[in-house]
Amino acid sequence: MAVTEENITKFSAQCKNIFQQVSRDVIGQKPVVEGTIIAMIAGGNVLLEGVPGVGKTRLVRSLGRVFNMPFSRIQFTPDLMPADVTGTNIIVKDEKGNSTFQFQPGPVFSNIILADEINRATPKTQSALLEAMQEHTVTVMGVSRKLNEPFFVLATQNPIEQDGTYPLPEAQMDRFMFKLLVPNPGLDELMQIVDLTQKTMAEVAEAACSGEELLQMRATANQIPVATDVMRYAMTLCSATHPDSECASEAAKKYVRLGASPRAGQALISAAKVKALMNGRFNVAYSDINSLAYPVLRHRMKMNFEAIAGRVSPDTVINLILAELVKKFNLPASSLEQSVSEFETASYASETVTEADNKEEEQTESKKSKRKAAKK
């Protein structure tokens with residue numbers, strides 16, 4: 001199926017309506033909203049990271065209304081069991097009094113799953129989502145059941161509070177198409193948020209897209225062509241995150257221990273096609289790849305000791321890698337402008353976390369010195 005101008009016009013109008021409805025519930029956070037919607041159209045899962053109260057859960061609830069699909073919320077806690085997520089077989093008696101097993105579906109059998117504070121559950125429960133996120137199936141007692149399409153996991157986590165949390169394993173982090181950093185709102189946005197919530201705390205967004213329409217948008221996006229040079233650039237970017245690859249960048253050699261997996265390349269191209277259509281273009285541009293590099297790569301790279309000791313964030317390393325690649329491929333500097341503006345937003349969130357970590361360390365050192373003085 002060839003993409004026509006009519007398809008692109010319809011796609012752009014649909015996206016505009018979706019953004020308009022979401023903006024009725026969520027003030028600001030445009031890069032985060034856009035990233036989440038791109039991932040959903042591309043068929044990926046999203047990890048939202050930010051301090052409490054910045055609107056992560058509200059955004060996901062609003063998207064459930066806008067996309068007019070069944071929505072489930074799972075509040076992850078240390079005592080949550082895998083069966084609480086996937087469902088379990090229960091014993092029921094028929095009219096004759098015979099006992100049989102009947103499957104009771106869990107909250108994962110929905111279209112949009114909000115995994116709230118996913119890092120608070122134990123690894124055993126976190127892994128219950130792995131099969132659902134990758135294969136879109138759930139296996140209970142040897143029986144596999146297909147999940148309804150479209151299916152998305154939108155997870156949230158608090159990066160500051162680490163007491164009683166279990167960091168997500170690398171295999172699960174890799175299943176998230178995007179990791180989006182949700183910053184604190186600015187002064188004007190904060191005033192609008194408070195003004196809005198004084199009137200009503202309930203979401204007011206209206207349905208703008210059904211599940212079938214979303215699948216049609218995804219099919220349209222898949223038909224967008226990617227030029228060989230752009231594809232090579234995107235794959236070189238993924239390969240450049242590996243310090244021991246033939247395309248290794250100087251930044252990766254200095255700061256990265258393990259680079260991004262092939263899933264990063266798949267996510268980059270799938271999301272770039274959606275972004276191109278959103279901007280009314282027939283093809284993927286270098287700027288699409290650059291702007292999507294941060295949410296796609298930031299959670300797929302393992303930093304080495306030098307980066308951790310020097311508090312060098314993954315976003316900073318991605319920025320350095322992009323700067324190297326733009327020179328290597330002789331691209332215009334304008335191809336980096338958009339991605340740098342989004343990078344500054346992401347950096348803001350990273351700096352907030354770093355400042356909090358510094359304060360915690362200072363408090364710990366202060367307590368230690370007081371204990372030593374008390375012992376003396």
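Please read all numbers here as calculations on a predicted model, not as lab measurements. Hydrogens, waters and symmetry mates are skipped; everything else that's a heavy atom, side chains included, is used.
The backbone N or O of Leu80 lies less than 3.5 Å from a partner atom in the side chain of Thr125, making a donor-acceptor pair. Here the side chain of Asn222 pairs no donor or acceptor atom with the backbone of Ala219 at under 3.5 angstrom. Under a 3.5 Å cut-off, the side chain of His242 and the backbone N or O of Ala260 do form a donor-acceptor pair. At distances below 3.5 Å, at least one donor-acceptor pair connects side-chain atoms of Ser249 with backbone N or O atoms of Ala240. In this structure, the side chain of Asn111 engages the main chain of Pro150 through a donor-acceptor pair within 3.5 Å. In this structure, the side chain of Lys56 engages the main chain of Gly50 through a donor-acceptor pair within 3.5 Å. In this structure a side-chain-to-backbone donor-acceptor pair under 3.5 Å is present from Arg58 to Asp25. Judged by distance alone, the side chain of Arg300 and the main-chain N or O of Met177 form a donor-acceptor pair under 3.5 Å. Side-chain atoms of Asn279 do not come within 3.5 Å of backbone N or O of Arg281 as any donor-acceptor pair. In this structure, the side chain of Ser23 engages the main chain of Gln20 through a donor-acceptor pair within 3.5 Å.
The cluster map of Ile, Leu, Val, Met, Phe, Trp and Tyr, joined by side-chain heavy atoms under 4.5 Å apart, puts Met69 and Val33 in the same cluster. Taking hydrophobic clusters as Ile, Leu, Val, Met, Phe, Trp and Tyr residues chained together by side-chain heavy-atom distances below 4.5 Å, Leu154 does not share a cluster with Leu147. By the rule that hydrophobic residues join a cluster once side-chain heavy atoms approach within less than 4.5 Å of another member, Phe176 and Val32 end up as members of separate clusters. Grouping the Ile, Leu, Val, Met, Phe, Trp and Tyr side chains by contacts below 4.5 angstrom, directly or via other members, places Val92 apart from Val140. Linking Ile, Leu, Val, Met, Phe, Trp and Tyr residues whenever their side-chain heavy atoms come within less than 4.5 Å places Met40 and Phe19 in a single cluster.
When all heavy atoms are compared, the tightest approach of Val66 to Ile18 is CG1-CG2, 3.9 Å. Taking each heavy atom of Ser245 and Ser239 in turn, the nearest pair found is OG-O, 2.8 Å. Here the shortest heavy-atom pairing between Gly43 and Phe152 reads CA-CE2, 4.0 Å. Across all their heavy atoms, Glu213 and Gln14 have their closest contact at OE1-NE2, 3.7 Å. Heavy atoms only, all atoms of each residue included: Lys275 and Ser291 are closest at CE-OG, 3.1 Å. Of all the heavy atoms in Ile8 and Gly280, the pair that sits closest is CG2-CA, 3.9 Å.
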Practice item. Using the side-chain contact (heavy atoms from CB on, under 4.5 Å) rule, take Ile74 and Ile118 through it: C-alpha gap first, then chi angles, then the decisive distance, then the call. Key: CA-CA 9 Å; Ile74 308 171; Ile118 191 172; over 6 Å; no
Exercise for review: Would you check, one step at a time, whether the test side-chain contact (heavy atoms from CB on, under 4.5 Å) holds for Asn290 with Tyr233?
Suggested key: CA-CA 10 Å; Asn290 289 340; Tyr233 177 79; 2.6 Å; yes
Practice item. Show your reasoning for whether side-chain contact (heavy atoms from CB on, under 4.5 Å) applies to Ile41 and Phe11. Key: CA-CA 11 Å; Ile41 296 173; Phe11 190 100; 4.0 Å; yes
Review point. So Gln157 and Thr165, side-chain contact (heavy atoms from CB on, under 4.5 Å) or not? Walk me through it.
Key: CA-CA 10 Å; Gln157 69 176 13; Thr165 62; over 6 Å; no
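Between the CG atom in Leu47 and the NE2 atom in His299 there is a gap of 7.0 Å [rounded to 0.5 Å]. Expressed to the nearest 0.5 Å, how far CE of Met301 lies from CG of Leu258 amounts to 11.0 Å. For the atom pair CD of Glu34 and CG of Leu292, the computed distance is 8.0 Å after rounding to the nearest 0.5 Å. For the atom pair OG1 of Thr88 and CD of Gln102, the computed distance is 12.0 Å after rounding to the nearest 0.5 Å. Atom CD in Gln75 sits 7.5 Å away from atom OG1 in Thr156 (nearest 0.5 Å). In this structure, CD in Glu117 is found 7.0 Å from CG in Asn119, a value given to the nearest 0.5 Å.
Among Lys146, Glu131, Glu149, the one residue that satisfies the side chain to side chain donor-acceptor pair (under 3.5 Å) test with His136 is Glu149. Remark: of the listed residues Leu181, Val54, Val60, Val60 is the sole one forming a side-chain contact (heavy atoms from CB on, under 4.5 Å) with Leu48. Of the residues listed (Phe71, Phe103, Phe151), the one engaging Phe109 in a ring pair (Phe, Tyr, Trp, His ring centres under 6.0 Å) is Phe103, and it is the only one.
In summary, the side chains of Asp79 and Thr77 do present a donor paired with an acceptor at a separation below 3.5 Å, with no hydrogens or angles considered. If you check the side chains of Asn319 and Tyr294, you find a donor sitting under 3.5 Å from an acceptor. When only modelled atom types and interatomic distance are considered, Arg263 and Gln266 share no side-chain donor-acceptor pair under 3.5 Å.
A 4.5 Å side-chain heavy-atom check between Asp116 and Phe76 finds every atom pair outside the cut-off. Side-chain contact check for Glu49 versus Leu180: every heavy-atom pair is 4.5 Å or farther apart. For the pair Pro295/Lys179, no side-chain contact is recorded, criterion being any heavy-atom separation below 4.5 Å from C-beta on. Between Pro70 and Asn148 the shortest side-chain heavy-atom distance does not fall below 4.5 Å. Counting heavy atoms from C-beta outward, Val284 and Ile269 have side chains that stay 4.5 Å or more apart. No side-chain heavy atom of Ile224 sits under 4.5 Å from any side-chain heavy atom of Val226. Using a 4.5 Å cut-off on side-chain heavy atoms (C-beta onward), Asn17 and Cys209 make no contact. The shortest distance between side-chain heavy atoms of Pro107 and Arg73 does not fall below 4.5 Å.
For Arg145, the CZ atom counts as densely surrounded, since its 6.0 Å shell holds more than 12 non-hydrogen atoms of other residues, nucleotides or ligands.
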